[in-house]
Amino acid sequence: MHCIQSRTRDPASFFLVGATITPRHEAAMRLSSYFLPTLKETPAEAQIVSHRLMLRSGMIRQASAGIYSWLPLGHRVLRRIEGIVREEMDAAGSSEMLMPTIQPAELWRESGRYDDYGKEMLRISDRHEREMLYGPTNEELITDIFRNCVKSYRDLPINLYHIQWKFRDEVRPRFGVMRGREFLMKDAYSFDLDFNGARDSYNAMFVAYLKTFSRLGLRTIPVRAESGAIGGDLSHEFQIIAETGESQLYFDATFEEIAHEPSPEFVGKLQSLYAATDDKHDTSECPVPTERLRTARGIEVGHIFYFGTKYAQPMGAKVAGANGEPTTVEMGSYGIGVSRLVGAIIEASHDEAGIIWPDAVAPFKIGLINLRPSDTACAEAGEDLYQRISAVGIDVLYDDREERPGAKFATMDLIGIPWQLTVGPRGLATGVVELKRRSSGEREEVSIESALARLID
RNA sequence: CGGAGUGUAGCUCAGCCUGGUAGAGCACCGUCUUCGGGAGGCGGGGGCCGGUGGUUCGAAUCCACUCACUCCGACCA
């Protein structure tokens with residue numbers, strides 16, 4: 001209430017904000033008024049680099065074991081990743097929806113998983129002593145929706161997804177957000193009339209995943225997988241290579257040599273290449289000659305399954321087929337660990353000084369550093385750059401704090417902003433600012449206008 | 001769930017063995033000197049030593065229980 005009143009000139013203007021008030025790009029931010037609690041030292045609880053850097057850069061704070069609050073900087077990255085995942089799912093023809101975090105136990109009894117899932121499932125009872133659970137996944141719920149709403153084969157295929165928090169009560173949470181108990185996941189579900197349809201749906205998701213991870217700046221290796229607790233015959237894990245990966249991978253060197261074209265024709269080729277985790281890899285039966293076999297640690301960031309009628313059968317998800325006969329639908333599910341990706345990307349992209357965000361997921365594109373805000377020339381130049389960059393809708397974080405230069409550079413390096421634009425008295429004296437690329441460390445002094453031209457194009 | 005650790009200031013840690021007024025560095029506040037890659041001086045604020053119960057004249061320190069967190073293993077998006 002207070003906020004609205006203080007910003008609103010009169011009742012009418014409230015409805016005309018866009019037309020009457022200069023739009024202020026929401027993504028632009030002054031560090032002096034931002035919430036960025038960075039740490040110079042590493043908290044003792046963090047063992048791996050992504051966890052350490054996420055704590056130090058003020059992205060997250062732990063609420064309890066495996067459960068985290070996402071502070072503004074971390075939240076931005078999470079939303080960026082989520083946005084890319086959403087765009088690619090939409091482009092692949094999946095429809096976004098949102099299912100609840102709390103589910104009734106009875107649906108899980110129908111599928112038989114209520115007892116199978118064990119202690120990993122967080123069970124809750126409501127005030128009426130009704131058994132509920134915090135969903136670790138959503139096959140039952142989506143199947144229930146489907147069976148109640150879809151009656152004809154003419155409505156197929158259907159592909160639905162949502163991006164929602166899940167909970168798995170891991171015995172031993174670790175590695176920060178990479179193995180949390182609460183995690184944000186995109187899960188999609190496909191419904192088809194027969195195996196061929198399901199296979200097409202599966203491959204469409206396979207392609208969408210290649211596109212998604214490629215946009216996130218990651219190179220993934222699709223590894224054929226057993227379908228585990230969810231069950232089924234056709235399944236791939238998408239692994240990214242990182243030293244701290246949890247599983248040991250063996251794969252054909254061809255993966256490193258070919259460009260990953262996300263096309264349907266390419267799917268068959270990629271699926272035919274050898275890749276296995278250590279528990280599946282058998283040296284004596286491996287078809288790849290030793291000199292062509294690569295090994296590395298991998299982090300699983302996505303998993304796709306075809307599982308046929310595993311849920312549709314017990315839960316009675318049937319449609320009328322072309323001949324009018326009831327036909328049980330063929331299903332698949334497709335997960336991407338959105339919150340895990342935040343940690344995974346850091347594992348794959350960092351140095352001693354901090355995070356190096358790929359441009360697509362960076363919380364800000366430009367870190368504008370004013371080395372001496374108390375100096376009139378610096379303040380004017382900094383403010384001018386800040387206004388001009390934010391005016392064109394580019395995400396810029398303006399370090400306008402009264403801090404020492406070293407601290408400012410260290411902060412920008414730590415939080416991994418792709419471009420650093422530095423304004424200082426020394427450079428301004430000769431009309432230049434410094435432009436630094438975080439990923440390469442490359443620095444050059446350029447005029448203000450050419451810096452803007454480089455960053456805004 | 002088995003095994004092993006750790007809980008003292010916002011963060012990193014000392015003090016505990018051998019009980020006697022709670023400490024350092026960083027961070028924070030004030031101030032001075034500084035100012036181009038996490039500077040320095042002076043002054044200041046901040047802790048029920050995870051919790052409960054014991055032993056003792058006296059417990060951060062010894063004992064018991066308990067809670068939390070971390071690591072190794074088994075498990076897993």
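Bear in mind the structure is a predicted one, so any value in this text is a computation, not a measurement. Chain letters run A, B, ... following the sequence lines, proteins first and then strands; every chain starts at 1.
Separation of the A/Phe238 and A/Tyr209 ring centroids falls under the 6.0 Å cut-off.
Seen from the ring of A/Tyr134, A/Arg168 does not count as a face-on cation partner, given the 6.0 Å and 45° thresholds. For the pair A/Arg76 and A/Phe364, the cation-pi test (distance below 6.0 Å, angle within 45°) is passed. Cation-pi geometry between A/Arg438 and A/Trp419 is not met: the NZ or CZ atom fails to fall both under 6.0 Å from the ring centre and inside 45° of the normal.
Looking at the side chain of A/Arg172, the nearest of the listed nucleotides B/C69, B/G38, B/C1 is B/C1. Among the nucleotides B/G73, B/G38, B/C69, the one closest to any side-chain atom of A/Thr411 is B/G38. Here the side chain of A/Arg56 is nearest to one of B/G36, B/G38, B/A77, namely B/G38. For A/Ala407, taking side-chain heavy atoms from C-beta onward, the closest of the listed nucleotides B/A77, B/G38, B/C69 is B/G38. Taking the side chain of A/Leu414 as heavy atoms from C-beta on, and the options B/G38, B/A77, B/G73, the nearest nucleotide is B/G38.
Spacing between B/A22 and B/U33 at atom C1', rounded to whole Å, works out to 33 Å. For the C1' atoms, the distance from B/G41 to B/C49 is 31 Å, rounded to whole Å. B/G43 and B/G38: their C1' atoms are spaced 23 Å apart (whole Å). If you take atom P in B/C11 and the same atom in B/G47, they sit 14 Å apart, rounded to whole Å. Using P as the reference atom, B/C65 and B/C57 are 24 Å apart when rounded to the nearest Å. Straight-line distance between the P atoms of B/G45 and B/A24: roughly 12 Å, to the nearest whole Å. Between the P atoms of B/G2 and B/G19, the separation comes to 36 Å (whole Å). Spacing of C1' atoms, B/G58 relative to B/G40, comes out at 43 Å, to the nearest Å.
One atom, CG of A/Asp399, and another, C1' of B/G38, lie 12 Å apart when rounded to the nearest Å. Distance A/Asp279 CG to B/C76 C1': 12 Å, rounded to the nearest Å. Separating the CD atom of A/Glu246 from the P atom of B/G73 is a distance of 11 Å, rounded to the nearest angstrom. Here the P atom of nucleotide B/G10 and the CG atom of A/Leu55 are 16 Å apart, to the nearest Å. Atom CZ of A/Arg174 is separated from atom P of B/C76 by 12 Å (rounded to the nearest Å). Atom CD of A/Gln62 is separated from atom C1' of B/G7 by 14 Å (rounded to the nearest Å). Atom CZ in A/Arg52 sits about 11 Å away from atom P in B/C71, given to the nearest Å. Across the protein-nucleic acid pair, A/Phe175 atom CZ and B/A77 atom C1' stand 14 Å apart, rounded to whole Å.
There is no side-chain donor-acceptor pair under 3.5 Å between A/Glu139 and A/Tyr311. A/Arg224 and A/Tyr274 are not linked by any side-chain donor-acceptor pair at a separation below 3.5 angstrom, with hydrogens and angles left out of the test. A side-chain N or O of A/Asn370 and one of A/Tyr398 form a donor-acceptor pair less than 3.5 Å apart.
A salt bridge is absent between A/Lys365 and A/Asp395; no separation between the charged side-chain nitrogens and carboxylate oxygens falls under 4.0 Å. Here A/Glu449 pairs with A/Arg388 in a salt bridge; the nearest charged N to carboxylate O distance falls below 4.0 Å. The existence of a salt bridge linking A/Asp399 and A/Arg30 is excluded, since no basic side-chain nitrogen approaches an acidic carboxylate oxygen closer than 4.0 Å. With salt bridges taken as basic N to acidic carboxylate O contacts below 4.0 Å, none links A/Glu246 and A/Arg297.
In this structure, A/Glu120 and A/Gly424 both approach RNA chain B, and ranking their closest nucleotides by distance from the 5' end singles out A/Gly424.
At a threshold of 4.5 Å between non-hydrogen side-chain atoms, the residues A/Ile345 and A/Val361 count as touching.
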If you restrict it to nitrogen or oxygen atoms, what contacts under 3.5 Å exist between nucleotides 32-35 of chain B and the protein, and what is each distance?
residue : atom : partner  : partner atom : Å
B/U34   : O2   : A/Arg404 : NH1          : 2.8
B/C35   : O2'  : A/Arg372 : NH2          : 3.4

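With a cut-off of 3.5 Å on both Watson-Crick or G-U wobble distances, the partner of B/C17 is given as none. With a cut-off of 3.5 Å on both pairing distances, B/C75 has no Watson-Crick or G-U wobble partner at all. Using N1 to N3 plus N6-O4 or O6-N4 for Watson-Crick, or N1-O2 and O6-N3 for G-U wobble, each under 3.5 Å, B/A59 pairs with nothing.
Listed by residue number, A/Lys40, A/Glu41, A/Thr42, A/Pro43, A/Ala44, A/Glu45, A/Gln47 are the residues of residues 37-51 of chain A with a heavy-atom contact under 4.0 Å to RNA chain B.
Using a 5.5 Å limit on the distance between ring centres and a 30° limit on the angle between planes, the aromatic ring of A/Phe183 counts as stacked on the six-membered base ring of B/A77.
A donor-acceptor contact under 3.5 angstrom links the side-chain atoms of A/Arg179 to the base of B/C76.
A/Gly427 comes within 4.0 angstrom of a nucleotide base, judged by non-hydrogen atoms across all strands. Among the atoms of the strands shown, none is found under 4.0 Å from any heavy atom of A/Gly337.
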